[in-house]
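It should be emphasised that the depicted structure is a prediction, and the values quoted were computed from it without experimental measurement. Values below: every heavy atom of this structure, side chains too, minus hydrogens, waters and symmetry copies. For the single chain, residues carry numbers from 1 onward in sequence order.
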Amino acid sequence: MTVHASTIDFVISNRRRRASRYAATLAIMLALVMAIFAITLSIGQSITPPADVLRVLMGETVPGASFTVGQLRLPRAVMSVLAGFCFGLGGVAFQIMLRNPLASPDIIGITSGAGAAAVFAIVILSMSGPMVSIIAIVAGLGVALAVYGLSFRNGVAGTRLILVGIGVSAMLQSIIAYILQSAPAWSLQEAMRWLTGSVNGAQLDQALPLLTALVVFGGLLVSRSRDLEALRLGDDMAAALGTKVAQTRMLVMIAAVGLIASATAVTGPIAFVSFLAGPIAGRIVRNDGSLLLPSALTGALLVLVADYVGQHFLPGRYPVGVVTGALGAPYLIYLIIRVNRIGGSL
């Protein structure tokens with residue numbers, strides 16, 4: 001009886017330690033996001049005193065700072081954070097659900113689908129603004145359902161879905177290249193800016209739709225976090241634990257695609273953020289808790305830092321997608337080699 005009681009005490013104590021570490025990690029990551037957010041508002045080509053930044057955020061008119069901070073830096077930083085949340089949260093949901101770090105929307109064609117639709121709308125249909133975003137969101141959802149359907153055979157195996165997604169992505173990239181080849185100069189520039197992934201020209205009125213998508217779809221994912229964690233153990237074990245596997249997969253896929261497509265519609269497909277956020281968060285959190293919130297914060301950090309580096313630390317000014325692409329490509333090669341040798345999961 002004494003041994004049994006001491007074992008229970010040890011398990012409870014261990015859970016409390018893990019919960020405390022998890023909460024501390026989230027707090028530190030949130031503090032980092034807030035600190036980098038503040039730096040991007042205050043330090044750029046010119047330095048704006050924190051007091052002036054605060055006055056602008058409070059709605060006061062400050063000569064010089066109202067334009068620099070309120071019109072240029074603030075929308076850019078807000079969209080970076082919101083898009084990073086969406087990409088990180090949506091990406092890790094796919095990776096956990098399919099138990100494969102390669103199962104990212106970047107890899108399996110969802111962002112390519114949104115990109116192809118947006119390019120078609122811009123170049124062929126001469127559309128711009130919200131209509132392009134709506135078409136991109138619908139196309140992202142459509143491609144996700146198509147990939148899911150094509151890979152379904154007595155259930156969906158992660159490897160089969162990834163292979164089908166890679167094939168669909170390659171086809172969509174060919175379509176994008178064909179459309180751009182015949183695009184007139186005036187629409188080519190807009191299409192290329194959209195495809196690169198950028199927060200240039202961000203406006204605060206774009207934040208509300210993206211925030212709404214984050215609350216709705218992100219809330220759905222968080223509400224399913226226990227079922228999603230159960231899927232990491234395999235479908236049979238998850239079903240034994242009471243998880244409705246098919247229903248959970250469908251809801252998670254809809255929510256994750258909604259997040260990715262909504263962010264892509266506003267900023268374009270910022271390369272590899274949804275791919276990198278989960279594995280990085282997994283290295284930080286380890287087994288202390290769910291990867292959903294840490295991955296969202298990691299995504300925000302990646303977009304904020306990459307955009308700041310692209311604007312201020314490189315010769316010339318580069319869109320955020322160029323910087324994240326340069327970071328993600330080597331990691332993709334490393335991860336493919338690792339998965340090929342030993343198998344891999346988050």
Side-chain angles (χ1 to χ4, degrees), residues 27-88 122 128-133 186-187 189-215 262-271 273 296-324 326-327:
I28 292 170
M29 295 178 74
L30 180 60
L32 281 173
V33 171
M34 295 174 65
I36 296 172
F37 185 89
I39 289 171
T40 61
L41 295 184
S42 184
I43 303 174
Q45 296 297 316
S46 60
I47 297 177
T48 304
D52 288 346
V53 172
L54 186 59
R55 289 171 60 195
V56 171
L57 295 179
M58 296 296 291
E60 295 184 31
T61 299
V62 181
S66 290
F67 175 75
T68 302
V69 176
Q71 300 297 318
L72 298 181
R73 296 176 184 171
L74 180 61
R76 192 182 196 105
V78 169
M79 295 310 298
S80 294
V81 170
L82 291 178
F85 279 152
C86 289
F87 283 125
I122 293 169
S128 61
M131 284 306 300
V132 175
S133 299
W186 64 269
S187 60
Q189 184 175 1
E190 182 180 355
M192 289 303 298
R193 183 195 67 80
W194 197 95
L195 283 174
T196 303
S198 173
V199 290
N200 293 340
Q203 302 293 326
L204 281 179
D205 58 7
Q206 297 173 311
L208 183 58
L210 193 52
L211 180 60
T212 301
L214 180 60
V215 171
S262 298
T264 301
V266 175
T267 65
I270 300 178
V273 175
L297 291 167
T298 301
L301 284 169
L302 283 171
V303 179
L304 274 172
V305 172
D307 183 56
Y308 195 73
V309 169
Q311 293 299 302
H312 303 297
F313 288 93
L314 298 175
R317 294 191 174 188
Y318 292 90
V320 60
V322 173
V323 180
T324 57
L327 291 173

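- In this structure, M34 CE and I36 CD1 are separated by 12.0 Å, a value rounded to the nearest 0.5 Å.
- No side-chain heavy atom of R76 sits less than 4.5 Å from a side-chain heavy atom of T40.
- Closest non-hydrogen pair, L41 versus A77, comes out as CD2-CB, 4.2 Å.
- Listed here is the closest heavy atom pair of A213 and S262: CB-OG, 3.5 Å.
- Each of V320, L314, L304 was scored for a side-chain contact (heavy atoms from CB on, under 4.5 Å) with V309, with one residue passing: L314.
- For the pair T324 and V303, the minimum side-chain heavy-atom distance is 4.5 Å or more.
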Walk me through it: do R73 and T48 pass the test side chain to side chain contact (heavy atoms under 4.5 Å, CB included)? CA-CA 11 Å; R73 296 176 184 171; T48 304; 3.3 Å; yes
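- Side chain of T68 to main chain of G64: a donor-acceptor pair is present (N/O by atom type, distance under 3.5 Å, no hydrogens or angles).
- Atoms OG1 and CZ, on T298 and F85 in that order, are 10.0 Å from each other to the nearest 0.5 Å.
- Using a 4.5 Å heavy-atom cutoff, the side chains of Q203 and M79 are not in contact.
- To the nearest 0.5 Å, atom SG of residue C86 and atom CD1 of residue I270 are 10.5 Å apart.
- Taking each heavy atom of T61 and R55 in turn, the nearest pair found is O-NH2, 4.4 Å.
- Side-chain atoms of Q311 and N200, non-hydrogen and from C-beta on, do get closer than 4.5 Å to each other.
- In this structure, the separation between CG on D307 and OG on S198 is 7.5 Å, given to the nearest 0.5 Å.
- Contact between P319 and G197 at its shortest, heavy atoms only, is CB-O, 3.6 Å.
- Exactly one residue among V273, L82, L302 makes a side-chain contact (heavy atoms from CB on, under 4.5 Å) with F87. That residue is V273.
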Would you sort out whether L57 and V53 count as a side chain to side chain contact (heavy atoms under 4.5 Å, CB included), showing the intermediate values? CA-CA 6 Å; L57 295 179; V53 172; 4.2 Å; yes
Applying side chain to side chain contact (heavy atoms under 4.5 Å, CB included), run through Y308 and I43 and close with a yes or a no. CA-CA 10 Å; Y308 195 73; I43 303 174; 3.4 Å; yes
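- Expressed to the nearest 0.5 Å, how far CG of L74 lies from OG of S66 amounts to 11.0 Å.
- In this structure, the separation between CD1 on I122 and OG on S187 is 8.0 Å, given to the nearest 0.5 Å.
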